[in-house]
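Presented below is the structure to which this report refers.
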Amino acid sequence: MLSNYQGFERNKWSAPDTMRKLWLLFAGCASISVFLMYLGTKLISPFRGQNAYESKDVPSEITLAESEKPQVLELKISSLEEQCVGTASCREVLGQEPVNMERLELLRNVCEDASLKNVTYSGISRFVLDRIFVSDKYKILFCQTPKVGNTQWKKVLIVLNGAFSSIKKIPESLVHDHEKNHLPRLSSYRKPEVKKRLNSYFKFLIVRDPFDRLISAFKDKFLQNPRFEPWYKHEIAPAIIQRYRKNHTEVRGLQFEDFVRYLGDPNHRWLDVQFGDHIIHWATYVELCAPCEIKYDVIGHHETLRNDAPYILKKAGVDHLISYPPIPPGITEYNRTKVKQYFLGLSKRDIRRLYTRFQGDFKLFGYSKPSFLLV
Ligand SMILES: *[C@@H]1O[C@H](CO)[C@@H](O)[C@H](O)[C@H]1NC(C)=O
Ligand SMILES: *[C@@H]1O[C@H](CO)[C@@H](O)[C@H](O)[C@H]1NC(C)=O
Ligand SMILES: *[C@@H]1O[C@H](CO)[C@@H](O)[C@H](O)[C@H]1NC(C)=O
């Protein structure tokens, strides 16, 4: 197959006219079938089950031996200090260094807490490798945590990978189109290649207050649904309502209460499997990014993104190539009044169960327990 294909490519140039027509015909057929396959996966069967992970030849679980675990952190600090002598903007960026060190230390301590292991460890599964985007050119790994400004980070990486010359030039439709956006997932590499990247690349993720993120996911997917993703309202919402709605006289669409009961149910996996990858919008950071198993170099916080974004670019060694897009005022701050409003009227039992599931995310990343909701 492959050698025929290469021969075909060579002939293309020696007999340009006929081969060009054949090539166009072939490309036409190929794009039609790709489009039909796309329709098949997105519209006819929006639920990709867990077995979607089992068919590829990359192993389902990666484990790093103690000796393989990278010790790059300390080295990076001193090199940054050396780089920064004198310039004001550099000193400003360096101001984030102790903040990040504190976050990493907290993470390490919570990861070691044996009583929390059931909410802090998830394994470096295929699901996790699918969440991590790769820039081989600049040796960067970015773990995607939806509802935390990830689209912008994906655009940054797309530009770094060389597909477009600036963020403004990337068509909106292409950012999440993983066939075309030149942003490979870590899961697309073979096991030794995966390990090599996990051990040597610069790795980061961004988090925000876990309950605030769930509110954002609920609004974005079930109330507004700005992108054309009908399955959230027409497939997922009814499935959650059917299993979790208490008030049978309530006829409105998915309510935040239903959503919270689903997420806090210790048996939520029963539905998660049916929802496939769509759960990324409300799965925990632990499930998405395995922060206790993968040694991330920087943990950014959505709430302090204005400081964290330039720091991340600096640490990744790409700050002279690209800037994070301007952050509109007021969108990253935590709004306690809003969180309180959403949880108003929900039963304490449901909120406690939700917290039990998400407490790993609260503790690992230093978000305080929302006592105002729990007592
Ligand atoms: C059930 O839902 C209906 C319709 O929204 C509402 O009028 C009623 O108060 C609810 N009952 C309870 C017990 O919450
Ligand atoms: C916080 O949320 C409340 C309720 O949604 C809203 O009225 C208020 O303007 C928000 N505050 C800020 C600072 O955005
Ligand atoms: C984790 O284990 C603790 C006991 O060690 C238990 O109280 C808690 O409910 C568990 N959390 C989950 C989400 O299973």
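As the structure lists them, so they are numbered: ligands from 1, and atoms in each ligand from 1.
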For Arg131, is there an ion pair with Glu287 - N to carboxylate O distance below 4.0 angstrom? no

The residue among Trp153, Tyr296, Phe133 that forms ring-ring contact (aromatic ring centres under 6.0 Å, His included) with Phe204 is Trp153

Is the distance between the ring centroids of Phe365 and His301 under 6.0 Å? no

As a test of reading the model: which residues have a non-hydrogen atom less than 4.0 Å away from ligand 2? Asn335, Lys338, Gln341

In terms of atom number and element, which parts of ligand 1 are under 4.0 angstrom from non-hydrogen atoms of Thr249? 1 (C), 2 (O), 3 (C)

Would you say the ring centers of Tyr367 and Tyr285 fall short of 6.0 Å from each other? no

Could you check whether Glu333 pairs with Arg208 (Lys NZ or Arg NE/NH1/NH2 to Asp/Glu carboxylate O, under 4.0 Å)? no

Determine, using ring centers only, whether Phe256 and Phe222 are less than 6.0 Å apart. no

